[in-house]
Amino acid sequence: MEPRIFGLLLDPEGRLRSGWKALAFLVTLSLVNGLAQFGFGRWMNGPLGEGLPALLALGLSWAALRLEGRTLPSLGLRLDLAWARDLALGILAGGTIIGAAALILRAAGGFTWETCPLASGRPLLQSGCVFLLVAINEEATFRGYPFQRMVEGLGPWAAQLLFAAFFALGHWSNPGIQSAGPALKVVTTLNIALAAVLLGLAYLRTHSLALPMGIHWAWNWTQGSLLGFPVSGTGSPIAPLKPLLNARPDWFTGGPVGLEGSLACTLVCLGFIGLLLAWRGREA
């Protein structure tokens with residue numbers, strides 16, 4: 001009995017199996033985030049409340065890697081010229097993805113825009129900082145340590161499917177998704193899962209978190225702060241444009257979820273996944 005239990009926990013070299021490492025990381029991160037919310041809830045609900053979760057995700061990643069004798073750069077955070085180049089490429093790609101989805105939806109008669117001139121650039125800067133912290137936190141969590149351990153243990157595609165499901169389900173608590181009808185919820189869940197696969201491929205093709213972080217940040221900031229759509233069903237920041245949805249089904253326009261719930265987003269995500277699959281990638 002004991003050898004069987006040890007076989008479930010440990011690999012042939014006597015090390016804890018990758019799946020248990022990933023599970024321990026996610027459980028510990030959930031606990032420390034819960035404690036942080038309990039102790040600093042008022043501060044975390046402020047405009048920069050994403051800062052502490054991002055620091056906790058990075059700090060726990062560092063601790064887990066240290067236990068394995070690895071360094072933080074091995075996570076995909078080697079901050080050099082190649083990293084900066086991949087970050088810039090990710091920002092360009094993220095803006096292109098969400099911009100293309102918006103243009104396709106507008107051409108299909110899904111909405112029209114009205115302009116809302118901003119008194120200053122401060123809202124764009126503030127939302128940019130918030131979305132940067134969101135990107136750091138979620139990429140460290142969903143494409144960082146636990147994802148990379150599952151890639152080692154299960155292989156890339158099993159890890160991709162597992163974390164795509166986690167990523168999609170993790171957004172279900174957002175107000176716009178909770179209030180969505182069945183069809184919109186299905187399309188939104190599919191799109192968020194496809195986005196997770198896209199971001200996972202961005203990591204796998206570069207072995208760096210720069211590309212997925214850049215895509216994630218630009219996706220959210222372009223969608224909400226520039227184009228005025230709700231972001232993952234959480235509402236939209238102040239933006240220079242305001243979309244006025246036409247009388248089309250929510251699953252077509254995205255409704256209260258934003259572009260991430262639209263059919264146009266499905267098509268663009270599939271196209272970019274195809275591009276990443278065709279790209280041989282490079283080492284970071």
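Note that the numbering runs from 1 along the sequence shown for the chain.
In this structure, F272 and L194 have side chains that are not in contact, with every pair of non-hydrogen atoms separated by 4.5 Å or more. Side-chain atoms of L79 and P73, non-hydrogen and from C-beta on, never get closer than 4.5 Å to each other. Using a 4.5 Å heavy-atom cutoff, the side chains of L124 and L226 are in contact. In this structure, the side chains of S225 and F131 come closer than 4.5 Å at one or more pairs of heavy atoms. L87 places none of its side-chain heavy atoms less than 4.5 Å from the side chain of L211.
Without hydrogens or angle criteria, N33 side chain to L29 main chain gives a donor-acceptor distance under 3.5 Å. A distance-only check finds no donor-acceptor pair linking the side chain of T234 to the backbone of P230 [under 3.5 Å]. Put simply, the side chain of D250 never gets that close to the backbone of L184: no donor and acceptor are under 3.5 Å apart. Put simply, the side chain of W83 gets close to the backbone of G76: a donor and an acceptor are under 3.5 Å apart. Proximity of a side-chain donor or acceptor of R248 to a complementary backbone N or O of A108 within less than 3.5 Å is detected. When atom types are taken as modelled, the side chain of Q148 and the backbone of L75 share a donor-acceptor pair closer than 3.5 angstrom.
A single hydrophobic cluster is seen to contain both L162 and F25, as judged by linkage of ILVMFWY side chains at heavy-atom distances under 4.5 Å, directly or through other members. Two different hydrophobic clusters hold I97 and L103 under the rule that ILVMFWY side chains link at heavy-atom gaps under 4.5 Å. Residues L199 and W279 share a hydrophobic cluster, clusters being chains of Ile/Leu/Val/Met/Phe/Trp/Tyr side chains in contact below 4.5 Å. One hydrophobic cluster holds both L275 and I98 under the rule that ILVMFWY side chains link at heavy-atom gaps under 4.5 Å. Cluster annotation: L241 is connected to F111 through the hydrophobic network of ILVMFWY side chains, with a link wherever side-chain heavy atoms come within less than 4.5 Å.
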Item checked: N191 and T266: CA distance, side-chain angles, deciding distance, side-chain hydrogen bond (donor to acceptor under 3.5 Å, both in side chains) verdict -> CA-CA 6 Å; N191 287 351; T266 310; 2.5 Å; yes

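Heavy-atom contacts from other residues, nucleotides or ligands closer than 6.0 Å to CD1 of I238 number 12 or fewer.
Relative to the ring axis of F167, R143 places its NZ or CZ within 45° and under 6.0 Å from the centre. Figure legend: cation-pi geometry between R149 and F147 absent, as NZ or CZ is not positioned both under 6.0 Å from the six-membered ring centre and within 45° of its axis. Cation-pi check for K185 over W251 is not met; the charged atom does not lie both under 6.0 angstrom from the ring centroid and within 45 degrees of its normal.
Between Y203 and H207, the two ring planes are perpendicular [angle over 60°; tilted spans 30° to 60°].
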